[in-house]
Amino acid sequence: MNHPEHQNPQAAPDRRAPWWVYVVAIVSANYLRQEMVPTGETALDVALFAAVVVVVIVIVTAVFRGTRRS
């Protein structure tokens, strides 16, 4: 199928922030999480890391889309 946004990449607005914004936000949030909730249990650390990643991605994407609306 030919989608109009694939014909002209400039026509479709970006739906996500640049990759480095996510990396900086995830690293920062996990650093804060480790300072606030030092668990030491591997399974719990992995679960909290995954939860932080998901929440950060949702928040960064929502903020980025909200600021891009004109």
Side-chain angles (χ1 to χ4, degrees):
M1 288 196 287
N2 271 339
H3 294 285
E5 63 269 8
H6 291 222
Q7 293 173 356
N8 184 3
Q10 298 298 334
D14 289 335
R15 296 183 50 88
R16 288 181 289 236
W19 65 269
W20 56 268
V21 174
Y22 292 102
V23 171
V24 169
I26 289 169
V27 169
S28 301
N30 272 299
Y31 177 76
L32 290 174
R33 180 200 48 90
Q34 289 174 347
E35 291 297 317
M36 294 171 56
V37 186
T39 60
E41 294 182 34
T42 305
L44 185 55
D45 284 338
V46 171
L48 288 174
F49 173 77
V52 167
V53 168
V54 170
V55 169
V56 167
I57 288 172
V58 168
I59 291 172
V60 168
T61 302
V63 169
F64 185 77
R65 288 182 184 176
T67 59
R68 291 291 191 173
R69 292 187 183 181
S70 303

Side-chain heavy atoms of Tyr22 within contact of Val53, under 4.5 Å
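No, side chains not in contact.
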
Under 4.5 Å between side-chain heavy atoms, hopping through other hydrophobics if needed: is there a path connecting Val21 to Val27?
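Hydrophobic grouping puts Val21 with Val27.
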
If hydrophobic clusters are built from ILVMFWY residues whose side chains come within less than 4.5 Å, do Ile57 and Trp20 share one?
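Looking at the clustering, Trp20 is in the same group as Ile57.
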
From Glu41 atom CD to Leu48 atom CG, the distance as rounded to the nearest 0.5 Å
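The distance works out to 10.0 Å.
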
For a side chain to side chain contact (heavy atoms under 4.5 Å, CB included) with Val56, tell me which candidate from Ile59, Val54, Val60 qualifies.
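Among Ile59, Val54, Val60, the one that satisfies the side chain to side chain contact (heavy atoms under 4.5 Å, CB included) with Val56 is Val60.
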
For the side chain of Arg65 and the backbone of Arg15, is there at least one donor-acceptor N/O pair under 3.5 Å apart?
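Yes, Arg65 side chain to Arg15 backbone: donor-acceptor pair under 3.5 Å.
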
So, the side chain of Thr67 versus the backbone of Phe64: is there a donor-acceptor pair under 3.5 Å, distance only?
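Flag set: sc Thr67 to bb Phe64 pair under 3.5 Å.
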
Could you tell me which non-hydrogen atom of Val52 sits nearest to which non-hydrogen atom of Ala29, and how far apart they are?
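Val52 and Ala29 have their closest heavy atoms at CG1-CB, 3.6 Å.
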
